[in-house]
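Working notes, structure below.
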Amino acid sequence: MIKLCILGGGFIGRFYAESLIGRRGKDEVKVIYARREETAVRFAKDYNVPHYFTDMEAAIAHPETEMVIIALPNYVHEEAVHLCVKHKKAVLCTKPLGRTAEEALRMTQACEEAGIFAGYLEDLCYTPKFSKSLASVKAGAIGRVLWAKSRETHPGPHSDWFWDMEKAGGGAIVDMGCHCIEISRNFIGKDILPVEVMCWADTQVKPIDAEDHAIGLVKYENGAIGQFEVSWTFRGGMDLRDEVMGTEGTIWVNSWLRTGFEMFTSGNTDGYLVEKAESSSGWQFPVGDEAHELGYTSMFIDMFEAYEKGIQPQETFYDGYVVNAIIDAAYKSAKTKLWEPVSLPEWRGQTGITKPSVFTEYDAEHWFIKEELLPNGDKKVILKNKLSNEILEKVTLK
């Protein structure tokens, strides 16, 4: 059994608690910290937590705290991590790890130097559909990954601090781009160096200083491209989709909105239906088990089992740092309108990987381009002459 302390009694803290209570059956939330006493008291009552605090250090230092789960606003992450280091407590931190790569690296190094377990709570890298897709990619089902695209859009976050650029560290990119970037990194290979970023971002709808909509491309050293699409301006609920294209196949994943569960309601109830639903009437698209479908349950199982085995979890603080570095480059590119390099002074993956050759030999004289079966049954092959570079076709009659 792991005795847990949750820092933050709001939306994400409650989601974490829902994911923990009764899942593995042996882990217990013993301590809750919230900035407001009424929040802490309500959380403690709702989840039968014996100890509640409005003093963060007291909650972390409590003898019933074995592992700390940070479910706090972005601007408090570093303070919380350093308190965990001070009191030698294992720590799990919600996404994004930091507001900047500099913050994230400080947190990563502090935990490593102190020798404490640290896990990055990137739930969308643990969803059932993502996990199955990633296993297929690693097994070679779609060949070499060329392009990995991830999209998260909804009408906007639920708390005031998200909308404050200083407190959050940005807008939709840091809020949701962190998910999309890490999803693509997993598909492309987390040991493959992200080289540069091209990003468009704008404030299209909301009266805020940060961006509410952005699209970005992340170029990797092996020639693969990661793409993220994020928006706080999307109407109709929350849209989570991933696409992966490889040399031998394609994967499409729709994790939200179109899940096979559709319901019409006249709105004669005020009950909660699904995260980011914009209306309580009309056609709704609920999810059977939100915490599981969003990856929370599998994420915590991975974290706890890694902690007990003394190994690294699937998502580490170092991963959070790399994501923050890509986000930093995206923000710079959005201003300069140029490809901007990803600054990673602490890189632990492969280096010097080159893009594979695009040339596949058909015969001694030709490179192979494409083979196609025509409607009449004939087979056509498109070729390129090695010497003249002439493009030609060869047709085999049915």
Side-chain angles (χ1 to χ4, degrees), residues 1-23 27-84 86-87 89-99 121 123 154-169 171 174-175 206 208 210 232 238 269-280 289-291 294 296-297 299-300:
M1 180 184 79
I2 300 176
K3 297 178 180 180
L4 304 165
C5 165
I6 296 180
L7 305 181
F11 179 87
I12 193 63
R14 296 181 76 89
F15 237 131
Y16 286 167
E18 294 287 346
S19 307
L20 292 164
I21 302 300
R23 298 289 182 164
D27 310 300
E28 295 184 11
V29 181
K30 293 289 190 180
V31 181
I32 176 65
Y33 156 81
R35 289 169 292 173
R36 292 187 290 271
E37 185 169 2
E38 60 270 25
T39 303
V41 170
R42 181 181 178 185
F43 191 105
K45 180 181 177 182
D46 288 348
Y47 297 107
N48 195 29
V49 179
H51 309 287
Y52 66 86
F53 293 89
T54 56
D55 181 319
M56 183 161 59
E57 184 166 7
I60 292 170
H62 194 276
E64 288 276 80
T65 295
E66 180 181 355
M67 177 182 285
V68 177
I69 298 174
I70 299 173
L72 296 168
N74 299 353
Y75 66 97
V76 195
H77 289 186
E78 187 171 14
E79 176 189 357
V81 167
H82 283 295
L83 285 173
C84 292
K86 177 180 176 181
H87 293 281
K89 300 295 175 78
V91 58
L92 309 179
C93 185
T94 192
K95 63 79 196 173
L97 183 56
R99 290 175 293 179
L121 298 181
D123 59 289
H154 56 59
H158 48 267
S159 295
D160 54 2
W161 65 266
F162 282 95
W163 304 89
D164 184 317
M165 192 161 72
E166 177 60 29
K167 290 180 178 179
V174 75
D175 178 32
K206 312 295 185 182
I208 57 174
W232 286 346
M238 182 161 70
T269 176
D270 294 326
Y272 175 85
L273 290 171
V274 69
E275 183 183 345
K276 302 295 190 298
E278 289 204 80
S279 171
S280 59
D289 184 338
E290 281 194 46
L294 286 171
Y296 293 119
T297 54
M299 174 181 72
F300 282 119

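Other residues, nucleotides and ligands contribute more than 12 heavy atoms inside 6.0 Å of the CZ atom of R14.
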Inset, instruction - Report the C-alpha distance between D123 and K95 in whole Å, list the side-chain angles of each, state the deciding distance to 0.1 Å, and finish with yes or no for salt bridge (charged side-chain N to carboxylate O under 4.0 Å, His left out). - result: CA-CA 8 Å; D123 59 289; K95 63 79 196 173; over 6 Å; no
Legend entry - Chi angles and distances behind the side-chain contact (heavy atoms from CB on, under 4.5 Å) call for V81, E78: CA-CA 5 Å; V81 167; E78 187 171 14; 5.7 Å; no
Inset, instruction - May I have the step-by-step check of side-chain contact (heavy atoms from CB on, under 4.5 Å) for T94 and Y16, ending in yes or no? - result: CA-CA 10 Å; T94 192; Y16 286 167; 2.8 Å; yes
Inset, instruction - List the steps, then state whether side-chain contact (heavy atoms from CB on, under 4.5 Å) holds for E66 with D27. - result: CA-CA 11 Å; E66 180 181 355; D27 310 300; over 6 Å; no
Inset, instruction - Verify side-chain contact (heavy atoms from CB on, under 4.5 Å) between F300 and L92, making sure each step is shown before the conclusion. - result: CA-CA 9 Å; F300 282 119; L92 309 179; 4.1 Å; yes
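Within the 4.5 Å cutoff, side-chain heavy atoms of L20 are placed close to those of L4. Within the 4.5 Å cutoff, no side-chain heavy atoms of L121 are placed close to those of C93.
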For residues 161-169, which side-chain donor-acceptor pairs fall under 3.5 Å, sequence neighbours excluded?
| unit_1 | atom_1 | unit_2 | atom_2 | d |
| --- | --- | --- | --- | --- |
| D164 | OD1 | E166 | N | 3.0 |
| D164 | OD1 | K167 | N | 3.2 |

Donor-acceptor contacts under 3.5 Å from residues 48-57 side chains, at least two apart:
| unit_1 | atom_1 | unit_2 | atom_2 | d |
| --- | --- | --- | --- | --- |
| D55 | OD1 | E57 | N | 3.0 |
| D55 | OD1 | A58 | N | 3.0 |
| E57 | OE2 | K86 | NZ | 2.7 |
| E57 | OE2 | H87 | NE2 | 2.8 |

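K206 and P155 get closest at one heavy-atom pair: NZ-O, 3.3 Å. Across G98 and V174, no two heavy atoms sit closer than the pair O-CG2, 4.4 Å. The two atoms that bring T39 and G9 nearest to each other are CG2-O, 3.6 Å, heavy atoms only.
Distance alone, capped at 3.5 Å, is enough to place a donor-acceptor pair between the H77 side chain and the L72 backbone.
Note that the CE atom of M67 and the SG atom of C5 stand 11.5 Å from one another [nearest 0.5 Å]. To the nearest 0.5 Å, the span separating OH on Y47 from CZ on R42 amounts to 9.0 Å. To the nearest 0.5 Å, the span separating CG on L7 from SG on C84 amounts to 6.5 Å. Summarising the geometry, atom CD1 belonging to I70 is positioned 8.5 Å from atom CG belonging to L97; distances are rounded to the nearest 0.5 Å. A distance of 5.5 Å separates CD1 of I6 from CD1 of I32, quoted to the nearest 0.5 Å. Between atom CD1 of residue I69 and atom OG of residue S19 there is a gap of 9.0 Å, rounded to the nearest 0.5 Å.
Using a 4.0 Å cut-off between charged nitrogen and carboxylate oxygen, K3 and E28 do not count as a salt-bridge pair.
With no hydrogens or angles considered, no side-chain donor-acceptor pair links E290 and Y296 at under 3.5 Å.
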